[in-house]
Structures are given as C-alpha cells and as structure tokens.
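Working notes for the structure below.
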Amino acid sequence: MSATVLRDLHHGRKPGDPLVLPGPWDAASARVFADAGFPALATPSAGVAASLGYEDGQTPADEMFAAITRIVRAVDVPVSADVEAGYGLSARELAGRLADAGAVGCNLEDTDHATGTLRDPQEQADWLAQVRAEAGDALVINARIDTYVRGVPDEDETIRRGRLYAEAGADCVYPFAAPPDRLAHLAAAIGLPVNAVVMPDGPAPRELGALGAARITFGPGLQWRAMAAVAEIAERLRADLTTPG
C-alpha cells in the first residue's frame with residue numbers, strides 16, 4: 001500500500017470520526033486488526049519492544065526493522081512504524097530501511113535518548129527535512145513532540161516546535177500526552193492534523209476526534225490489554241491443572 005493512501009486518510013475527517021490506527025506488535029496481531037477492517041495500522045515501539053523481550057527504547061534497530069517487516073508482510077493495509085528517534089541512523093539510512101521494510105509512514109520523536117531531554121527544535125526540524133528529502137512523498141511523517149512528557153508542558157513551545165516540523169515537511173504532529181481539551185487549538189495553531197494517544201483513563205477515540213484529533217493511536221495500550229488477557233488465561237489454566245481431579 002502507498003503513502004498516498006495513508007496520507008489521504010488523515011484529511012477531510014469529520015469531528016468525532018478520526019483515523020483510528022491500532023498498534024500491532026507482531027504479525028499475528030496485525031492480521032487481527034486488518035481483518036477487523038481498520039484501513040491502516042501504526043506500530044508502537046513499546047509494544048514491539050515488549051514482544052521481543054526488551055524495555056521500550058532498548059530495542060536494537062535491526063530487530064525493530066525486522067519486526068516491522070514481518071508486520072507489513074502480514075497485511076494488505078498501509079503500516080506506519082514507530083522508529084523512536086531514528087536509532088542514530090542517517091536520514092538516508094532511515095528512509096532506506098523504512099522503504100525496505102515496506103512501511104509507508106513513521107513516527108519520529110524529538111527526545112534525545114542519550115540525555116533523556118528534548119532535542120533542540122531547529123536541529124530536529126533540520127533532521128526531519130533531511131528525512132523528507134530522502135523519502136520524498138513515499139513516507140508519511142508523524143512528528144512527535146515530547147514537551148508534555150519531558151517536563152516542558154508549555155503550549156507555546158509545543159506550537160513553536162510543531163510549526164518548525166510542519167515547515168520541515170511533516171504530514172502530521174503528535175504532541176504526546178497533550179491535554180485533550182487543547183487538541184483543536186494545537187491543530188489550528190500548527191496547521192497540520194494532530195495525532196492523539198488513547199490513555200487508560202482518558203477520552204475514547206471518538207471523543208478525542210471531537211476534541212480536535214484527526215488521528216488516534218494507542219501506544220502500547222492494546223498490547224498491554226492483550227497480555228492481561230493472556231495472563232488471565234494462564235491463571236485459569238494453572239488453576240485447572242492444580243485442582244484435584
């Protein structure tokens with residue numbers, strides 16, 4: 001599937017009807033979501049990491065791209081890949097590896113993983129512009145803004161970063177954990193579709209759409225719920241095996 005299909009899905013959304021992108025963590029979960037009728041998928045780095053036995057942010061690039069490749073191969077809908085901060089790859093290497101994996105979109109966040117702090121916004125914008133130049137229109141770039149999770153819950157700074165990333169060629173922005181009631185303002189001020197994440201105790205997807213989000217993702221939330229169901233099955237199985245017959 002092409003980036004054009006995925007890009008078009010972001011636009012012309014009515015309030016309360018956002019683009020909902022489930023987050024598969026492996027090929028089997030990807031097939032389940034695609035078979036359910038979702039038009040596109042978005043891998044979560046934390047969910048994929050957990051499925052591979054790593055903490056979030058610790059997955060080696062080779063293993064992450066291998067997992068993305070298996071997910072893409074398993075479905076016939078567009079897949080966007082969370083590739084964190086790019087794993088230290090050059091823009092050319094990153095664009096090439098995403099293309100080789102078959103992903104037509106990506107998340108790129110502005111956290112510097114070496115320091116755990118926000119990257120300089122102009123440096124991040126320059127990096128995004130390089131990725132755009134290398135990938136052309138074959139990649140939908142979702143620029144994640146980490147102000148709200150890195151101790152800088154400043155709306156003006158979020159907007160400043162978002163505008164820089166828009167100028168650099170991002171297709172949408174992802175102000176991670178932004179207050180839901182500020183989504184419409186952020187979208188209008190930045191001028192791009194806004195991605196919102198579903199939080200365990202937060203608004204549901206349709207409500208987030210009504211509040212201004214054009215695109216909805218789940219982070220590792222769906223993988224956590226699936227693993228909770230597996231844990232329940234395991235407990236029941238163990239109980240059956242230990243119950244005197």
Side-chain angles (χ1 to χ4, degrees), residues 9-10 13-26 29-30 32-33 36-51 54-59 80-82 84-85 107-111 113 116-118 142-159 161-162 172-190 192-236:
L9 287 169
H10 289 74
R13 313 296 310 190
K14 295 179 181 179
D17 182 32
L19 172 61
V20 177
L21 301 176
W25 53 92
D26 60 14
S29 59
V32 169
F33 293 131
F38 288 96
L41 306 175
T43 70
S45 65
V48 174
S51 75
Y54 294 101
E55 296 294 326
D56 188 25
Q58 301 300 313
T59 310
S80 180
D82 183 350
E84 304 178 75
N107 278 6
L108 283 172
E109 61 196 50
D110 58 5
T111 288
H113 284 266
T117 60
L118 288 167
N142 187 33
R144 195 174 111 172
I145 306 169
D146 281 353
T147 46
Y148 291 98
V149 292
R150 295 299 173 190
V152 189
D154 182 331
E155 186 168 272
D156 289 340
E157 177 63 11
T158 301
I159 291 170
R161 287 173 177 266
C172 49
V173 290
Y174 182 10
F176 190 81
D181 63 357
R182 303 305 295 165
L183 293 171
H185 178 69
L186 290 171
I190 294 171
L192 286 179
V194 166
N195 187 127
V197 64
V198 176
M199 295 293 196
D201 299 321
R206 284 191 180 277
E207 186 177 352
L208 286 170
L211 289 169
R215 163 176 165 152
I216 306 296
T217 52
F218 297 84
L222 299 178
Q223 196 259 357
W224 290 347
R225 288 167 63 180
M227 291 304 99
V230 171
E232 183 177 345
I233 291 169
E235 289 176 4
R236 290 179 179 176

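We're numbering straight along the sequence, starting at 1.
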Give the minimum heavy-atom separation between [X] and [Y], together with the two atoms involved.
| X | Y | result |
| --- | --- | --- |
| T158 | Y148 | OG1-CE1, 3.4 Å |
| A187 | G212 | CB-O, 4.2 Å |
| V173 | N142 | C-OD1, 3.7 Å |
| V20 | P205 | CG2-CB, 4.1 Å |
| S80 | R215 | OG-NH2, 3.7 Å |
| V198 | L208 | CG2-CD1, 4.0 Å |

[Y] backbone acceptor or donor facing [X] side chain under 3.5 Å:
| X | Y | result |
| --- | --- | --- |
| T217 | V197 | no |
| S51 | D26 | no |
| R206 | G16 | yes |
| N195 | Y174 | no |
| D110 | L118 | no |

What's the spacing between [X] [atom1] and [Y] [atom2] if we round to 0.5 Å?
| X | Y | atom1 | atom2 | result |
| --- | --- | --- | --- | --- |
| L192 | L186 | CG | CG | 11.5 Å |
| L211 | H185 | CG | NE2 | 14.5 Å |
| E84 | N107 | CD | CG | 10.0 Å |
| E155 | R182 | CD | CZ | 4.0 Å |

What I'd like to find out is whether the side chain of T59 reaches to under 4.5 Å of the side chain of S45, using heavy atoms alone. no
Do V48 and Y54 have side-chain heavy atoms sitting under 4.5 Å apart? no
I'd like to check the salt bridge (charged side-chain N to carboxylate O under 4.0 Å, His left out) partners of E157; sequence neighbours left out, ordered by chain and number. R160, R161
Side-chain donor-acceptor pairs of residues 219-228 under 3.5 Å, sequence neighbours excluded:
none

Within a radius of less than 6.0 Å around CZ of R13, do more than 12 heavy atoms belonging to other residues, nucleotides or ligands occur? yes
If you apply the rule side-chain hydrogen bond (donor to acceptor under 3.5 Å, both in side chains), what do you find for D154 with T147, and how did you get there? CA-CA 7 Å; D154 182 331; T147 46; over 6 Å; no
Begin from the C-alpha positions of Q58 and D56 and carry the test side chain to side chain contact (heavy atoms under 4.5 Å, CB included) through to its verdict. CA-CA 6 Å; Q58 301 300 313; D56 188 25; over 6 Å; no
